[in-house]
Amino acid sequence: MLTQRQNKILQAIVRQYTSTGQPVGSKHLAEKLPFKVSPATVRNEMSVLEDSGFVAKEHSSSGRVPSKKGYRYYVDHLLDSEAITNNDLVVIQNSLGTSFQKIDEIISHSADILSDLTSYTAFTLKPEQADVRLSGFRVVTLGNRKVIAILVTDSGDVESQAFTLPRNYDTDAFQAVIRMINDQLVGQPLADVMKRLNDDIPLRVMNYMQSADGFLDLFDSVVSRAAREQFFVGGRLNLLDFSEKHDAVDLQTLYSLLDHNDQLSHLLDSNVSDDKVNVKIGSEISKEKALDNYSLITATYDVDQYGKGIIAVLGPTRMPYSRTIGLVNAFRQELAKRLLDFYRHYYDS
């Protein structure tokens, strides 16, 4: 463990560097510390911190910058609990005060708000509801063999997708299958619906039509969309602002990650722990080299019986951790309140 003075010096180095981006020198640091100490003493303590791996010396300067180990220690032991203001809380509350018609609108808007608040790239995942059930399925005919399949869940979510039916499709048989689907599957959890699509439903469909493939492809596609985890990303272009080297390959890797829900889901799920705000730095996030100079802050938000969601912020290792963590923590609490009000108003009334 570090001494109290070393703690204060490391804390000051991290705060100064994350604020200015410039290596921190002993003379300047001595003037900023909350206690009187000579630049020579500060310089000696900085050498101890460097030898211990908490700071590193820049080649072009005599100043020091935090290492990933230093950031880790700062996050674990030296955060400022008063990093956000009452004004920040008012901004968050007002931002989420807009009138929304759908859960997806709130979650999507939240990613943009969180990105604006932090200036980083933000992610939001809607509450995971393991027991979401099928409320209804119908198909609307548009003409020229084109239809729209519509699926509704008991959480109020609606999924729709356009399809073109094969030629010589038996319309009466098609409608009979839709009625059978509603009779058999309405009220069941989506997980069970997907299981039965590979179990008994194909045989039941073939009671009405020679081949079940066309209809099952249609229905499976819409159910899969409703059951998938839905992420929203805010501030995609912010990656360019804090990418230090603008390495084209790394940026391509990062943007590819943002466009693949399964990869993004794995990344966020593996970096969430309990109900605390979690911080992963550099290689702690993933084995992916493109993330070495980034930090990921994740947190869950709890909407009671309606499930838990995830919010996250991806930024440079040189981020103001105290403020960013404070914003994420305050935002998840306000988002949970806003969603709970929405669910109660639209689905419990």
Side-chain angles (χ1 to χ4, degrees), residues 15 17-21 71 75 79-127 229-244 246 251 254-255 257-259 261 264-265 267-268 271-272 277-281 285 291 293-303 308-342:
R15 288 179 178 174
Y17 183 66
T18 56
S19 175
T20 67
Y71 284 129
V75 168
L79 289 176
D80 178 8
S81 59
E82 304 298 325
I84 64 170
T85 65
N86 287 332
N87 184 62
D88 291 324
L89 297 177
V90 171
V91 169
I92 292 172
Q93 290 168 354
N94 290 342
S95 298
L96 288 170
T98 309
S99 177
F100 298 100
Q101 300 301 317
K102 294 176 61 179
I103 291 294
D104 283 5
E105 290 179 5
I106 302 176
I107 307 301
S108 175
H109 188 55
S110 295
D112 294 330
I113 297 171
L114 191 55
S115 175
D116 290 341
L117 287 169
T118 61
S119 299
Y120 301 134
T121 301
F123 310 95
T124 51
L125 168 64
K126 66 190 298 184
E229 290 187 309
Q230 291 185 299
F231 287 93
F232 298 93
V233 182
R236 287 171 176 263
L237 293 180
N238 289 347
L239 284 174
L240 297 174
D241 295 336
F242 52 77
S243 177
E244 295 180 4
H246 288 282
L251 285 173
L254 290 172
Y255 278 108
L257 175 67
L258 301 189
D259 291 330
N261 267 15
L264 194 55
S265 173
L267 181 68
L268 296 186
N271 284 286
V272 170
V277 177
N278 193 47
V279 181
K280 292 294 180 69
I281 300 168
I285 303 174
L291 291 166
N293 293 314
Y294 293 84
S295 290
L296 181 68
I297 298 178
T298 57
T300 59
Y301 60 92
D302 192 340
V303 199
K308 288 186 178 182
I310 297 174
I311 63 173
V313 169
L314 180 68
T317 51
R318 186 182 69 80
M319 70 162 61
Y321 287 95
S322 294
R323 175 167 173 76
T324 308
I325 292 169
L327 287 171
V328 168
N329 191 45
F331 191 84
R332 67 165 176 163
Q333 295 177 30
E334 195 61 34
L335 177 59
K337 292 178 186 176
R338 182 70 180 84
L339 285 171
L340 191 57
D341 288 344
F342 184 92

Of all the heavy-atom pairs spanning [X] and [Y], show the shortest one and how long it is.
{"X": "L335", "Y": "I311", "value": "CD2-CG2, 3.9 Å"}
{"X": "V328", "Y": "A299", "value": "CG1-CB, 3.9 Å"}
{"X": "A312", "Y": "L114", "value": "O-CD2, 4.0 Å"}
{"X": "G234", "Y": "D112", "value": "CA-OD1, 3.6 Å"}
{"X": "A111", "Y": "F232", "value": "CB-O, 3.7 Å"}

Can you tell me how far apart [atom1] ([X]) and [atom2] ([Y]) are? Round to the nearest 0.5 Å.
{"X": "L296", "Y": "Y120", "atom1": "CG", "atom2": "OH", "answer": "13.0 Å"}
{"X": "I297", "Y": "I285", "atom1": "CD1", "atom2": "CD1", "answer": "10.0 Å"}
{"X": "S110", "Y": "K126", "atom1": "OG", "atom2": "NZ", "answer": "12.0 Å"}
{"X": "R332", "Y": "T300", "atom1": "CZ", "atom2": "OG1", "answer": "5.5 Å"}

Residues that D88 engages under side chain to side chain contact (heavy atoms under 4.5 Å, CB included), provided they are two or more places apart: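 Counting only residues at least two positions away or on another chain, D88 forms a side chain to side chain contact (heavy atoms under 4.5 Å, CB included) with I84, T85, R323, L327.
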Whether S19 side chain and R15 backbone form a donor-acceptor pair below 3.5 Å: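 No; judged by distance alone, with no hydrogens or angles, the pair does not exist.
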Sidechain-backbone polar pair: S322 side chain, L79 backbone, donor-acceptor under 3.5 Å: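 Between the backbone of L79 and the side chain of S322 there is no qualifying donor-acceptor contact (under 3.5 Å).
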Any side-chain heavy-atom pair from [X] and [Y] closer than 4.5 angstrom?
{"X": "I106", "Y": "T124", "answer": "no"}
{"X": "M319", "Y": "T18", "answer": "no"}
{"X": "L339", "Y": "Y301", "answer": "yes"}

Tell me every residue that passes ring pair (Phe, Tyr, Trp, His ring centres under 6.0 Å) with [X], counting only those two or more places apart in sequence or in another chain.
{"X": "F331", "result": "none"}
{"X": "F123", "result": "none"}
{"X": "Y71", "result": "Y321"}

With sequence neighbours excluded, residues passing side-chain hydrogen bond (donor to acceptor under 3.5 Å, both in side chains) with S115: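 N238.
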Side-chain donor-acceptor pairs of residues 90-97 under 3.5 Å, sequence neighbours excluded:
from	atom 1	to	atom 2	distance (Å)
N94	ND2	V90	O	3.4
S95	OG	V91	O	2.7

